[in-house]
Visitor: 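I have a structure I would like to understand better, so I am pasting it below and will then ask my questions one at a time.
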Amino acid sequence: MTSRRILVTSALPYANGPIHIGHLVEYIQTDIWVRFQRLRGADCRYFCADDTHGTAITISAKRNEVSEEEFIAKMSAEHQTDFAGFAIEFDNYGSTNSEENRELCAQFWKSLRDADLVIEKEIEQLYDPEAQQFLADRFVRGTCPKCGRTNQPGDNCECGHTYTPADLIDPVSVLSGATPELRKATHLFVALEKLHPFLEKWSQSGEHLQTEVANYLKGHFLHEELRDWDISRPGPYFGFEIPDSPGNYWYVWFDAPIGYIASTWEWCKRNGESLDKWWKDPETEVHHFIGKDITYFHTLFWPGMLQTAGFTLPTKVHIHGFLTVGGEKMSKSKGTFVKAAKYLEHLDPAYLRYYYATKLGPRLDDLDLNVAEFAEKIDSDLVGKVVNIASRCAKFVQTTGLSAAYPDDDGRFEYAAQAGEEIAAAYEACDYNRAMRLILELADRANPFIEANKPWELRKDPANAQALQDVCTVGINLFRQIIIYLSPVLPKLATEVGALLNDPITSWDQSQTPLAGTQINKFEHLMKRVDTKRVQAMIDESKEETADADAANPADEIAAKFNDSADVLAAEPLAEECTIDDFMKVDLRVARVLHAEEVTDARKLLKLTLSLGGDERRQVFAGIKAAYKPEDLIGRLVVMVANLKPRQMKFGLSEGMVAAAGEGGAEVFVLTADEGAKPGHRVH
RNA sequence: GGGCCAGUAGCUCAGUCGGUUAGAGCAGGGGACUCAUAAUCCCUUGGUCGCGGGUUCGAGUCCUGCCUGGCCUACCA
């Protein structure tokens with residue numbers, strides 16, 4: 001049997017922020033799997049890249065006052081440093097903004113066109129007139145039309161109500177703060193329904209997806225006609241322009257997965273490999289590791305695209321759940337949103353690799369990081385049990401080396417060798433927590449052997465020299481076996497043990513044959529216990545960092561952009577709470593300014609004639625002379641208190657008030673109603 | 001509202017096709033040891049298998065109703 005050829009990917013991290021411990025669940029999970037496959041002799045290659053396109057990148061680049069290209073280059077370097085810090089090793093780490101990717105996108109696109117899957121439709125979308133671009137839902141915020149909560153995102157509200165951005169009251173563009181307007185634009189769509197039979201067959205075959213995922217697809221999408229997939233965005237958009245549709249760009253989710261192939265291609269070019277061998281040869285297995293949030297891109301669109309363009313379909317899409325910390329979602333304010341770099345300042349990456357391994361199973365369940373359990377598992381499993389075996393044996397054979405022939409060990413080595421297949425099956429199935437349990441069981445069998453044979457007593461009598469060497473030879477070999485099994489999870493430890501024993505760990509099969517007659521190098525501590533003070537420090541520092549630079553959600557981005565002072569509210573604190581009835585007593589109406597003139601004898605007043613529609617007119621004196629010229633007001637819509645008791649002033653009768661805000665003097669700003677409001681409309 | 005998954009010892013979880021007295025690790029208790037990083041080893045306490053029905057000679061396991069939690073999703077299955 002020839003060895004398996006396997007191509008593995010992790011989801012492409014978005015180039016909009018740093019890697020954190022939540023991301024690492026996936027990259028550690030994948031890296032373990034890749035290392036396992038290589039250990040088993042497979043030709044296994046691991047590809048990833050930064051996902052670099054989309055409006056969010058443009059916003060971030062602007063905020064940092066650099067070009068998009070500069071911004072993504074910096075992020076990519078940071079990401080790669082973070083991954084390397086956790087011993088996550090890619091064969092190639094690319095970028096979706098590469099020429100390879102552009103070329104492949106064009107190739108996929110042509111295939112879709114040739115298959116007659118691309119259609120054009122005109123859709124209405126909110127447009128930011130200031131930034132001169134269309135806005136995705138999450139780049140619009142406003143007041144929920146149902147419950148009235150302010151500053152809600154463009155698609156749904158905290159109250160649970162869902163709507164389209166056009167339904168929002170007082171929508172605001174996150175990009176510029178301008179009021180978006182509805183505009184029509186032509187978008188390109190993939191008519192996915194034509195691939196329905198194929199997707200049904202592929203997703204429900206039971207071979208490629210976890211059963212929960214197959215059920216999800218069936219229940220949510222495949223039970224009815226598949227909707228056309230909007231695949232283009234009008235410019236400006238940081239991405240690739242569609243060759244046969246100038247002014248339109250491929251949506252980031254079109255070019256992102258193609259980035260898997262582009263990254264492979266870069267590696268092929270560098271190593272004289274053929275891309276077809278890796279992406280068009282049915283002998284090559286393709287495995288994607290992703291989080292459950294991006295399930296449908298990878299299980300509907302992506303197989304559809306691959307099928308149409310003639311590339312290899314995923315052998316398996318491995319989907320994992322999210323990380324929680326202490327049973328709760330990661331939280332910036334609680335300091336549990338720990339960046340990879342921050343973790344590395346304080347703790348050994350091996351800890352996290354092992355801990356995740358003990359928690360990861362083949363299903364999509366979320367996994368929880370519990371700080372107490374984290375320390376406990378490392379200390380008791382790795383330090384107390386595993387490393388301890390070497391620690392208590394190595395120095396006795398430092399000078400003599402291992403026994404020339406492997407001694408009798410009551411079948412312990414053989415038992416552990418046999419266990420190898422079961423452990424391997426668990427790794428293969430991504431059931432790492434099972435693999436870890438099985439391996440630890442072996443450690444629990446090794447320590448009693450040493451205990452029973454008392455090397456510390458044997459060494460007291462030179463006559464027992466051979467017995468002492470034999471006991472330690474067994475101990476060291478049982479230890480080595482365990483380390484071989486753990487090496488996908490703990491590569492650095494495996495390297496160190498290989499050096500200690502003068503026998504680098506390169507193959508799973510090494511677990512089947514004991515070492516004998518070889519020299520041992522000087523033993524040094526292989527792993528430290530977890531310093532819980534450092535864990536706490538890491539969490540505390542994560543708290544501090546996010547306290548002053550929290551710009552993760554669009555609301556905060558806007559807040560940072562405008563940087564509104566708190567002084568204004570402080571200068572005039574909120575009035576006593578009132579009821580809706582109290583409020584309704586004040587009848588605010590939209591009115592149009594028909595006429596305005598300066599009151600010559602008054603320092604502050606303008607005399608306004610307001611219309612409430614039809615013949616309904618009011619004369620109002622407003623204290624805005626320093627701020628507005630009469631001619632600038634005429635024709636405008638304002639908001640007035642229409643049922644205010646008329647008041648006789650020195651210059652005439654005032655029949656209401658114009659609503660305005662500001663410090664006073666020239667700093668006064670009249671409230672206006674947006675276009676569409678009509679004189680006479682009540683303000684609710 | 002709908003869907004999926006889970007609920008087993010104080011904690012984290014195993015438990016195969018329905019089959020003896022439901023297991024492990026950690027924590028707790030007792031003891032031993034001193035090679036080892038306050039490590040290790042032996043013994044031990046601890047369970048109404050979420051709750052109620054049903055199928056069966058036999059149910060942690062299968063069916064059903066309910067409760068709780070998590071996730072997904074939305075007037076649609």
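Reminder, nothing fancy here: chain letters follow the sequence lines and each chain counts from 1. Quick caveat: nothing in here was measured; it's all calculated off a predicted structure.
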Visitor: Is a donor from one side chain sitting under 3.5 angstrom from an acceptor on the other, for H287(A) and T315(A)?
Guide: no

Visitor: Would you check, one step at a time, whether the test side chain to side chain donor-acceptor pair (under 3.5 Å) holds for N447(A) with R392(A)?
Guide: CA-CA 10 Å; N447(A) 273 310; R392(A) 62 200 306 202; 3.0 Å; yes

Visitor: Could you give the CD-to-P distance, from E441(A) to rG25(B), as a whole number of Å?
Guide: 9 Å

Visitor: Going by an N to O cut-off under 4.0 Å, is there a salt bridge joining D31(A) and R353(A)?
Guide: yes

Visitor: Going by purine N1 to pyrimidine N3 plus the second Watson-Crick contact, or the G-U wobble pair, all under 3.5 Å, which nucleotide sits opposite rU40(B)?
Guide: rA32(B)

Visitor: Can you tell me, in whole Å, how much space there is between the P of rC66(B) and that of rG1(B)?
Guide: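 Rounded to whole Å, the distance is 12 Å.
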
Visitor: At 4.0 Å (heavy atoms only), tell me whether D444(A) reaches a base, stays on the sugar-phosphate, or touches nothing.
Guide: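 Sugar-phosphate contact only - D444(A) comes under 4.0 Å of backbone atoms but never of a base.
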
Visitor: Give me the distance, rounded to whole Å, that separates rA24(B) from rC49(B) when you measure between the C1' atoms they each carry.
Guide: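 So the two C1' atoms sit 16 Å from each other.
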
Visitor: So, do F301(A) and W253(A) have ring centers that fall under 6.0 Å from each other?
Guide: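 Ring centroids of F301(A) and W253(A) are no less than 6.0 Å from each other.
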
Visitor: On RNA chain B, check which nucleotide each of F396(A) and D366(A) is closest to and give me the residue with the more 5' one.
Guide: F396(A)

Visitor: Quick check on rA24(B): is either OP1 or OP2 less than 4.0 Å from any side-chain nitrogen or oxygen of R437(A)?
Guide: no

Visitor: rU34(B) P sits how many Å from I450(A) CD1, rounded?
Guide: 16 Å

Visitor: If I take atom NZ in residue K377(A) and atom C1' in nucleotide rG25(B), what distance separates them, rounded to the nearest angstrom?
Guide: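 For the pair K377(A) NZ and rG25(B) C1', the rounded distance is 8 Å.
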
Visitor: Taking the nucleotide of RNA chain B with the nearest heavy atom to each, does S391(A) or S380(A) sit closer to the 5' end?
Guide: S380(A)

Visitor: Specify the separation, in whole Å, of atom CG of D293(A) and atom P of rC71(B).
Guide: 13 Å

Visitor: Provide the Watson-Crick or G-U wobble partner of rG1(B), both distances under 3.5 Å; none if there is no partner.
Guide: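 Per the H-bond distance test, rU73(B).
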
Visitor: Using the C1' atom as the point on both nucleotides, what is the distance between rG52(B) and rA9(B), in whole Å?
Guide: 24 Å

Visitor: Just how far, in rounded Å, is C1' of rU12(B) from CG of D381(A)?
Guide: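 For the pair D381(A) CG and rU12(B) C1', the rounded distance is 11 Å.
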
Visitor: Any side-chain N or O of K395(A) less than 4.0 Å from the OP1 or OP2 oxygen of rA36(B)?
Guide: yes

Visitor: Specify the separation, in whole Å, of atom CG of L458(A) and atom C1' of rC35(B).
Guide: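 After rounding, the reported distance stands at 11 Å.
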
Visitor: Using a cut-off of under 3.5 Å, enumerate the N/O to N/O pairs linking the protein to nucleotides 2-11 of chain B.
Guide:
none

Visitor: Determine the Euclidean distance between corresponding C1' atoms of rU44(B) and rG23(B); express it in Å to zero decimal places.
Guide: 16 Å

Visitor: Using purine N1 to pyrimidine N3 plus N6-O4 or O6-N4 for Watson-Crick, or N1-O2 and O6-N3 for G-U wobble, both under 3.5 Å, which nucleotide pairs with rA14(B)?
Guide: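 Paired with rA14(B), as far as the under-3.5 Å criterion goes, is no nucleotide at all.
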
Visitor: Looking only at atom P, what distance separates rC62(B) and rU20(B), rounded to whole Å?
Guide: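 Those two atoms are separated by 16 Å.
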
Visitor: Establish, with yes or no, whether the OP1 or OP2 oxygen of rA14(B) is under 4.0 angstrom from a side-chain nitrogen or oxygen of R434(A).
Guide: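 For rA14(B), OP1/OP2 do not have a side-chain N/O of R434(A) under 4.0 Å.
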
Visitor: rC41(B) P sits how many Å from R445(A) CZ, rounded?
Guide: 13 Å

Visitor: Give a yes or no on whether the ring-centroid distance for F221(A) and Y216(A) is below 6.0 angstrom.
Guide: yes

Visitor: Between Y406(A) and N477(A), is any side-chain donor less than 3.5 angstrom from a side-chain acceptor?
Guide: no

Visitor: Using a 4.0 Å heavy-atom cut-off across all strands, classify L382(A) as base, sugar-phosphate, or nothing.
Guide: nothing

Visitor: Using atom CG of L360(A) as one end and atom P of rC13(B) as the other, report the distance to the nearest whole Å.
Guide: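 It works out to 12 Å between those atoms.
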
Visitor: Quick check for you: among rC13(B), rU37(B), rU40(B), whose closest atom lies nearest to any side-chain atom of K359(A)?
Guide: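 Closest nucleotide among those given: rC13(B).
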
Visitor: Going by the ring-ring contact (aromatic ring centres under 6.0 Å, His included) test, which pairs reach into residues 434-490 of chain A, not counting sequence neighbours?
Guide: Y485(A)-W508(A)

Visitor: What's the gap between rG50(B) and rU68(B) when it is taken at their P atoms, as a whole Å value?
Guide: 16 Å

Visitor: Within the 4.0 Å heavy-atom criterion, would you say K292(A) contacts the bases, only the backbone, or no part of the nucleic acid?
Guide: sugar-phosphate

Visitor: If we take the P atom in both rC57(B) and rC51(B), what is their distance in whole Å?
Guide: 25 Å

Visitor: Taking any strand in view, what nucleotide pairs with rG7(B) in a Watson-Crick or G-U wobble way, both distances under 3.5 Å?
Guide: rC67(B)

Visitor: Please give the distance between the P atoms of rC71(B) and rC17(B) as a whole number of Å.
Guide: 30 Å

Visitor: As a test of reading the structure: which of rC42(B), rU12(B), rC26(B) is closest to the side chain of K385(A), going by heavy atoms?
Guide: rC26(B)

Visitor: Less than 4.0 angstrom from a charged side-chain N to a carboxylate O is my criterion; do E441(A) and R445(A) meet it?
Guide: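 Judged by the 4.0 Å cut-off on N to carboxylate O distance, E441(A) and R445(A) do not form a salt bridge.
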
Visitor: Can you name the one residue among Y27(A), Y260(A), W33(A) that meets ring-ring contact (aromatic ring centres under 6.0 Å, His included) with F289(A)?
Guide: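 The single option meeting the ring-ring contact (aromatic ring centres under 6.0 Å, His included) with F289(A) is W33(A).
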
